[in-house]
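Just so it is clear: chains get the letters A, B, ... in the order the sequence lines come, proteins before strands, and each one is counted from 1.
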Amino acid sequence: MIAIFRTMLSRELTLGLRRKADALMTLFFCVIVASMFPLAVGPEPALLKTMGPGIIWVAALLASLLSLERMFGADYVDGTLEQMVISQHPLPVIVFAKVLAHWLTTGLPLVLISPLLALQYGLEAQDGLILVATLLIGTPILSLLGAVGAALTLGLRGGGVLISLLVLPLFVPVLIFGAAAVDDAAAGLSIEGHFSLLGAMLVAALILTPWAVASALRISIE
Amino acid sequence: MIAIFRTMLSRELTLGLRRKADALMTLFFCVIVASMFPLAVGPEPALLKTMGPGIIWVAALLASLLSLERMFGADYVDGTLEQMVISQHPLPVIVFAKVLAHWLTTGLPLVLISPLLALQYGLEAQDGLILVATLLIGTPILSLLGAVGAALTLGLRGGGVLISLLVLPLFVPVLIFGAAAVDDAAAGLSIEGHFSLLGAMLVAALILTPWAVASALRISIE
Amino acid sequence: MAAVAAIFIVLTGHIMKINWFKYASPASFYPLAGKMIPWFAIPALILAVIGMVMGLFVLPPDFKQGESYRIIFIHVPAAWMSMVIYLAMAFWAIIGMIWNSRLSSMMATALAPTGAIFCFLALWTGALWGKPTWGTYWVWDARLTTQLILLFMYFGYMALHAAIEDPRRAARASGLLAIVGAFNVPIIYFSVQWWNTLHQGASVTPTKSEMAASMASVMLLMAIAAWLYAIAVTLKRVRCEILDRERHAAWVSELVDEAK
Amino acid sequence: MLQVSGLFCERGDRQLLDGLSFSLEPGRLLHVRGANGAGKTSLLRIIAGLLLPTAGEVLWQGKPTKQQREIYHSELLYLGHLDGVKGDLSSIENLRIDNELLSANASEDDMLAVLDKIGLRGFEDVYSKQLSQGQHRRVGLCRLLMSRAKLWVLDEPFNALDVKAVALLVGLIEAHLERGGMALLTTHQDVPLSSERVSEITLGKA
Amino acid sequence: MLQVSGLFCERGDRQLLDGLSFSLEPGRLLHVRGANGAGKTSLLRIIAGLLLPTAGEVLWQGKPTKQQREIYHSELLYLGHLDGVKGDLSSIENLRIDNELLSANASEDDMLAVLDKIGLRGFEDVYSKQLSQGQHRRVGLCRLLMSRAKLWVLDEPFNALDVKAVALLVGLIEAHLERGGMALLTTHQDVPLSSERVSEITLGKA
Ligand code: HEM
Ligand SMILES: Nc1ncnc2c1ncn2[C@@H]1O[C@H](COP(=O)(O)OP(=O)(O)OP(=O)(O)O)[C@@H](O)[C@H]1O
Ligand SMILES: Nc1ncnc2c1ncn2[C@@H]1O[C@H](COP(=O)(O)OP(=O)(O)OP(=O)(O)O)[C@@H](O)[C@H]1O
Ligand SMILES: [Mg+2]
Ligand SMILES: [Mg+2]
């Protein structure tokens, strides 16, 4: 089970990071997205400072949404997903490896670059740290929940509309608590509540979604 | 030429409507992004009002990014794109039909929902109207420029993120003028200049990009 | 700016025009480029040294900014070059498309890293300069943001080139991107004028110059050095590109044999 | 008449075509043979204008195809490894689009007749992604029944087809040649084409 | 032993399987015949556990496969219409993953030998998307050389293969049966399998 996990993880990472340039791509992407807002809203530093956490969170959301379709889509089209489903290994483990790889290639780079973005938006050092922490907890949730949506939408059977209706609203609480934690910290309020909520969501997602995704895949592959 | 245009347009619209989830996803995304900032920044009406146009513009821009990969991707995989490329009809016309359909299924819904967003941000009725007008001119430019990126990246690994890296910089002028028009209108300045610039960009994009996309497709299909 | 671009393009174009038909083939351009490199590299070095000595030691400190203004001698030439090189890239891409010449698309490819480095340099020096003058490394000012966007246009070009395995397709696809992007460069550049901005407007224009004559001349020196450097490095990189793409050609194997 | 002169093609460091030249007269079929990876598909795609050769030219009626792309493409029908059938559209919807792309001017009834002939009666309104592999390919093959192109370029058209469909396709090709059409074909199967109209070339070392 | 009992399958309003039952003994091959759209792929996918039948059961060694999914899947090798080969990975990288998925425990050298045998020497490090169609399929077929599964379910494995590869594959299947393996096969081509080990069923009205 560990062997298959390791193989699948390295497969996904190889695919995601065929070249060094690929790894950098998400980083650049976040920076570009973050640069769009000041262009549109204007250069007012105080305004940008308050918007900062929200913007960085939106960049995270967008980066995971943009790459969701490929999480299973490519494997579905070329038949490798079939082979995973009928392999003797537990499907949730394979799924978990794929989701982890997705996070490592889209979520983690974002977490890593977020201090720089925080600096650019003039956030205080401490607020920046809190932002990084929320992203560290929040982005895996995005990957996990996104995987459910991606699996269900594969062949687009059971009403695809339903899925985006399902996944995006699930993202919303993550987004809100994530961005709110930073704001509240800046305002001197307690943020333990936010963090424990985010943590609880992460744990729940970690435990439940691999199974949900596995069954969704079995259904979609018919 | 009109016949092929009409056929391709209706094909794309049929496909678009069969995959309602995709269109709805862009809408949702736009709404979520736009709703995030009030949560992050707080309920200060004056602040929200100044931010509004910029945020709605960025939300629209990011939302149209989401659907770019699909514009040619599916046709590439199943070989229908090949058949279009070697058909006797001018490829730019076919491309134009596809882009128009893309705009009708993603850009237009965004334009239609924007008054609602403007309302959320407490924009004056007149400013809201101007916002809608800039979006109406601006979103087709996004679809046209996005098509170039989508065509260039066909079949490549980076997928959605790579497209964004290519096209977001191209979107910048549209964004600047689109958002600035509303701001300046609110400040009582003349906005004819912005509109004529946006209009000029639209015309230029309408004339040039179908050819660029057509050559990009010929390159990518090898 | 436009004039600068024109000069650069004409200059590089002129070099290539010498016996165009003969040297348009990679095989004959390779040795020619080898011979040309020192003619650009050495003057570049000399001018840069003179400019640096003048700029850093000879010129007096600025009455408002003190010593920190000296960064301008790198900052401004780098900012100019970063824009000019993108246009030059597009120029070569167009030539490559029209005449289907492999060498021109290789020129475009070879220019990209240099442009990106200049662009980064402008950002870096600007940020360093921002701290003493504006009190912060970064503001979301239009000029700064657009410079950042330009950097990403270079990255986009290079990422697309790197993502395509087939060198011919890579050259054609990224060339097309450079052409489309070239429309964007002036738009971005001028769009700044419609924006309220912290950054200084253009103070050196063909007709009038606000700067002290001594300062302007040092800057000009540095700018010329930057051009010469860019040309030399580009030629060097084109040579590598040629070798890589023509590695199966007979003349490359002969070259390798000679080297042995 | 189709002429190919001095074609070179290099893909991924491998020299596939090495100055290939041939010509194809009306009423004749050229069977391109070769092992897997010999370069058959590459050749056919070059001829269809989907791939640029490293050197060499394809001539149609004596003129380079590049200089008369629209005319050439109006005389060409290419069926590659991919069917070119849209899974999210029904068979008849796919046909309507092909009809327009090929400028075949078939009426709605014609198209139903075509579907009938190819053995898809009753599947007109089924989404193509819900068809079996062979049926899916048949939707793509309908083009042969609709188009009036002079040059057919068929890359392994018999793949996935059952015996009946193969016979039908052979009949179609023969009728096409009979009418003075030309065809280029690759296939690894033995196909009962009457040999008097057929020439062969073999790519790679056979 | 594989047993299939009372399988019904309905897809898109069409009754494909109508109470189908059969059993397959070790050392035997079942050739599933039928026209395009008869339901061969559907049957094979049901047996592989990729599709739920409307009614009926598949039994492996006397027990329903659903109740012993992991055991059953460790004895099964399924090759469908899709190759299951990742275009962005090289042949050898693809093999490494299959090796793990099949728990085949092949060493790096074994895998190179497998690629050699299947005729992909020199293509080990080429991205699979840069292979020709037949070479691409061969990468998928490598599984047959690596796996030690008892039951092979092969859906049109000869598609796109050249003559030499077909012969190789026939040899592999025969060796597998010789070893006491079982196989289910569909193909529209005539394949020279020695008939004593082969049974046939035909789906649909033949
Ligand atoms: C990261 C920060 C910065 C960036 C990206 C940046 C970018 C640029 C660019 C693109 C130009 C060329 C403009 C043109 O040709 O018209 C330029 C020129 C210039 N920059 Fe900056 N800059 C930055 C920071 C600064 C700072 C902090 C100062 C000093 C206060 C400064 C002073 C100048 C001056 C004096 C020029 C020459 C303007 C002219 O004469 O045309 N820059 N910069
Ligand atoms: N996209 C590509 N990029 C690089 N090389 C390729 C590409 N496609 C094919 N090749 C190489 O070109 C060679 C010939 O491929 P081609 O598809 O023309 O063969 P083929 O004769 O059609 O084979 P098959 O019978 O398997 O279909 C192969 O060796 C393959 O590795
Ligand atoms: N995903 C699907 N959804 C609904 N119906 C389907 C689906 N796939 C196949 N069918 C239907 O099931 C029938 C049998 O399909 P199947 O793929 O099993 O045929 P087959 O015997 O394998 O044919 P072929 O020789 O063409 O591969 C077809 O009539 C087809 O329309
Ligand atoms: Mg082929
Ligand atoms: Mg089948």
- E:Arg197 CZ: over 12 foreign heavy atoms closer than 6.0 Å: yes
- Message: Quick check on E:Arg121: does its CZ atom have over 12 non-hydrogen neighbours (other residues, nucleotides or ligands) under 6.0 Å away?
- Response: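 Check fails, neighbour count at 12 or below.
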Nearest 0.5 Å, what's the [atom1]-[atom2] distance between [X] and [Y]?
X       : Y        : atom1 : atom2 : answer
A:Ile4  : E:Ser103 : CD1   : OG    : 6.5 Å
E:Leu76 : A:Ile86  : CG    : CD1   : 5.0 Å
A:Leu91 : E:Glu70  : CG    : CD    : 10.5 Å
A:Thr14 : E:Lys86  : OG1   : NZ    : 12.0 Å
E:Leu82 : A:Asp75  : CG    : CG    : 11.5 Å

- Message: With a 4.0 Å cut-off on N to O distance, would you call E:Glu100 and A:Arg11 a salt bridge?
- Response: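 Judged by the 4.0 Å cut-off on N to carboxylate O distance, E:Glu100 and A:Arg11 do not form a salt bridge.
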- Query: With a 4.0 Å cut-off, would you call E:Asp88 and A:Arg18 a salt bridge?
  - Reply: no
Under 4.5 Å from any heavy atom of chain A - which part of [X]:
X       : result
E:Leu52 : both
E:Glu75 : neither
E:Ile97 : both

- Item | Region of A:Leu81 in contact with chain E, defined by heavy-atom distances below 4.5 Å |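 When you check distances to chain E, no heavy atom of A:Leu81 falls under 4.5 Å.
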- Distance-minimising heavy-atom pair for A:Gln88 and E:Ser74: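 In this case the closest contact between A:Gln88 and E:Ser74 is OE1-CB, 3.1 Å.
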- Query: Which heavy atom of A:Glu222 sits nearest a heavy atom of E:Arg11, and at what distance?
  - Reply: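 So the two residues come closest at O-NH2, 3.0 Å.
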- Query: When heavy-atom pairs shorter than 4.5 Å are enumerated against chain A, which of E:Val85, E:Leu77, E:Ile71 gives the highest number?
  - Reply: E:Val85
- Item | E:Arg45 and A:Glu82: CA distance, side-chain angles, deciding distance, salt bridge (charged side-chain N to carboxylate O under 4.0 Å, His left out) verdict | CA-CA 10 Å; E:Arg45 287 179 78 86; A:Glu82 268 174 22; 2.8 Å; yes
- Minimum side-chain heavy-atom gap A:Gln83-E:Leu79 below 4.5 Å: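 Yes, their side chains come closer than 4.5 Å.
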- Message: Quick one, A:Met84 and E:Leu101 - any side-chain contact, counting heavy atoms below 4.5 Å?
- Response: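 Yes, at least one pair of side-chain atoms sits under 4.5 Å.
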- Query: Under the side chain to side chain contact (heavy atoms under 4.5 Å, CB included) criterion, do A:Ile221 and E:Leu50 qualify, and how do the steps go?
  - Reply: CA-CA 7 Å; A:Ile221 216 155; E:Leu50 286 166; 4.0 Å; yes
